[in-house]
Amino acid sequence: MTLLATSPLDQELALSTVGSLLRVRDVCITDRVTNREIVHGVSFDLSPGRVVGIVGESGSGKTITCRAALGILPEHFAITTGTIELAGRDISELSRREWTDLRGSTISAVFQDPASYLNPSIPVGPQIAEVIRVKKKVGRRAGRAKALELLRAVRLSNPEAVYSQYAFELSGGMLQRVLIAAAIAADPAILIADEATTALDVTIQAEILDLLAELRERAGLALVVVSHDLAVVAQLCDEVLVMRNGYVVEQGPTEQVLYDPQHEYTRLLIAEHEQYGLERFLDEPGESDEASA
Amino acid sequence: MSTGNVLDVTDLEVHYGLGRKRNRVLNGVSLSVAPGETVGLIGETGSGKSTLARAVLGLVRGSAGTILIDGQDVSRAKPREWQALRRRGVIQYVFQDPLRSLDPDLTVLQSLTEPLLIRGIGKSEAAGLVDEYLDRVRLDHDLLRRLPGELSGGQRQRVAVARSLVIEPKLIILDEPVSALDSANRVQVLAILKQLRDTGVSLIFISHDLGSVAGVADRIAVLYEGELVEVGAARDVIKRPQHPYTRLLVSSAPTLRSASADRTERAALRDLLNV
């Protein structure tokens, strides 16, 4: 689906007509082996072109929540209460076949370690082309052409060369671009980026975040951005959920969470940046300070 | 000649490989560290920051340039001289993952006491020192009997810092000391590092992330493709970065301020640097 929401007014209109792509309601997830609940009630709505961020340490339940929305919970985990609706359909009613149709074309994802999602013995381009052939039911030549177009769309500087390269020949930033290209190959409405920039250098991380922002603007892609870093989430998101030990301890519009945090954990995340981050200097009044510095 | 500095690196060049594969990883690097100063060394993958640290520790040899440690020229020191220098404990090194620098079979108490006993300090005096340094890194004395594997990542990193401190080195090189920690522990370790400055020890804080050193460094040095492209007071480097790469670093570091306006700037800087 493509949706060009350019002005806030257009976005409002889009919202009212299209509604929620992903509706997560009071979702609790239990580990059936230990019989312990590990996610204790998560709710959020995602509409076209919007970005929801989930912040938390490892073990906070952020990744498990995303996997639930993708229908790829590990075997022994189960949604015990609450509902997830994907494009208007309750996912608990989806058959395996229906899931296969939805994944890639409605909801898609990229994770932290891009290399492990690619076959090391096949060049990266044909792997994307195959996704396109299967999902879009097109021929070889069309698949290749679309794959090249995608590699260009994710701002790889030499798409033809990258197409025939193997995963091990590419840097982490390039691999993540390839994975994003594969993830958006079947024009999904939703992309989940789970710690997708965590292993990358800061300048490369910024490139990938810029790319996601661009895809959102250009194609109306809705994003779920998951990170341990509140600042990464703050760059992109309209709404933020702060998770800790399986609980959503704070949730609200990004501005509100950043400027009026209610929970002490959110305050800690903010204090870290203000005391030790660049904010310490960037927030100083400009010129008057320079004279004394 | 004595500069009074703990470290003086001048025009350092380091090559790896031989013949046609000879590859210059550091090119004309000059950096000094004054007593009690914290220098943040920033560089991304392949910038040469680890090579610089290894050169200062005597683990790789420069092909040109000089390294003075506490006034002593070590550029051409023999392995035995390096050994003696390490034994004196002038420079200490703290890894990103403290499991690598702590013996898994030694309790916290043993880990902290060992370097003192090796230096001929009596048992009771050593015990007193261990208590003192444990307080300095804000670790609970109940943890003394634990093994590294029984500590959280943040506790382990604080033990590693305490261990590097007990023998009163002049310089500690910390390689990404907070990258593997969660927020609460990161704040704690950063607070400790900041406090250490007051004790007169010098620190080189290596990181790929400008954001994580901004709050503790007096000066920031930026390594890019084997060259130091910018060195200056932390405030100046962050507020008025000069080199295009430093500007890209500053505008790429995630902050709590909205950065959508920086997107065009970043794109322009990338074009300029041709990356």
Side-chain angles (χ1 to χ4, degrees), chain A residues 55-60 155 157 171-173 197-211 213-214 217 227-237 244 254-255 257-259 261 265-266 268-284 286 289-290 293, chain B residues 42-47 153 178-191 193-194 207-217 220 224 233-240 245 247-260 262-267 269-270 273-275:
Chain A
V55 185
E57 311 290 1
S58 57
S60 61
R155 305 256 173 257
S157 52
S171 69
T197 61
T198 304
L200 305 175
D201 277 331
V202 173
T203 54
I204 311 295
Q205 163 168 283
E207 283 182 47
I208 299 289
L209 294 176
D210 287 351
L211 172 65
E214 198 187 310
E217 282 163 22
S227 176
H228 64 283
D229 187 350
L230 180 58
V232 165
V233 160
Q235 307 290 300
L236 272 174
C237 299
R244 196 176 200 198
T254 305
E255 296 266 300
V257 171
L258 290 182
Y259 296 107
Y265 179 63
T266 318
L268 169 83
L269 296 178
I270 292 171
E272 185 196 345
H273 273 276
E274 284 176 349
Q275 285 170 29
Y276 297 107
L278 297 186
E279 290 86 342
R280 204 168 97 94
F281 298 117
L282 297 177
D283 290 354
E284 287 174 350
D289 175 69
E290 278 176 31
Chain B
I42 308 297
E44 296 190 313
T45 314
S47 62
V178 297
S179 306
L181 305 178
D182 64 21
S183 287
N185 282 307
R186 212 153 44 221
V187 169
Q188 213 152 18
V189 172
L190 288 171
L193 295 181
K194 203 167 173 177
S207 179
H208 71 287
D209 175 14
L210 197 53
S212 70
V213 306
V216 289
I220 286 176
Y224 178 57
R235 173 177 277 105
D236 294 338
V237 170
I238 289 161
K239 293 190 85 166
R240 287 176 294 278
Y245 179 70
R247 277 157 60 203
L248 181 63
L249 265 184
V250 171
S251 92
S252 295
T255 69
L256 299 177
R257 313 294 162 248
S258 172
S260 52
D262 298 338
R263 246 164 76 194
T264 9
E265 189 197 332
R266 281 195 288 271
L269 286 168
R270 273 179 218 128
L273 290 160
N274 210 358
V275 289

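These figures come from a predicted structure and were not determined experimentally. Lettering follows sequence order; numbering is per chain, from 1.
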Quiz item: Of the backbone (N, CA, C, O) and the side chain (C-beta and beyond), which part of A:Ile270 lies under 4.5 Å from a heavy atom of chain B, both, or neither?
Solution: both

Quiz item: Given a strict heavy-atom distance threshold of 4.5 Å, which part of A:Glu274 is in contact with chain B: side chain, backbone, both, or neither?
Solution: side chain

Self-check item: For A:Glu279 against B:Pro254, the heavy-atom pair lying closest together
Solution: OE2-O, 4.4 Å

Quiz item: Side chains of A:Glu272 and B:Ser183: donor-acceptor distance under 3.5 Å anywhere?
Solution: yes

Quiz item: Between B:Ala253, B:Ala184, B:Gly215, which has the largest tally of heavy atom pairs under 4.5 Å with chain A?
Solution: B:Gly215

Exercise. For each of B:Val216, B:Leu248, B:Val213, tally heavy-atom pairs with chain A at distances under 4.5 Å, and name the one with the top tally.
Key: B:Leu248

Quiz prompt | chain A contact via B:Ala267 - side chain, backbone, both or neither, heavy atoms under 4.5 Å | solution = neither

Quiz item: Ignoring hydrogens and geometry, is there a side-chain-to-backbone donor-acceptor pair from B:Glu44 to A:Thr203 under 3.5 Å?
Solution: yes

Quiz prompt | Engaged part of A:Leu258 at the chain B interface, taking heavy atoms whose separation is under 4.5 Å | solution = side chain

Self-check item: For chain A, the option from B:His208, B:Arg270, B:Arg186 that forms the most heavy-atom pairs under 4.5 Å
Solution: B:Arg270

Exercise. Output the distance between atom CG (B:Leu249) and atom CG (B:Leu210), rounded to the nearest 0.5 Å.
Key: 6.0 Å

Quiz item: Would B:Val178 and A:Tyr276 count as a side chain to side chain contact (heavy atoms under 4.5 Å, CB included) if you check the C-alpha gap in whole Å, the side-chain angles of each, and the deciding distance to 0.1 Å?
Solution: CA-CA 12 Å; B:Val178 297; A:Tyr276 297 107; over 6 Å; no

Exercise. Run through A:Leu200, A:Val232, A:Val233 and flag the one making a side chain to side chain contact (heavy atoms under 4.5 Å, CB included) with A:Leu209.
Key: A:Val232

Quiz item: When only pairs under 4.5 Å are counted, which of B:Asp182, B:Leu269, B:Val250, B:Asp209 shares the most heavy-atom pairs with chain A?
Solution: B:Asp182

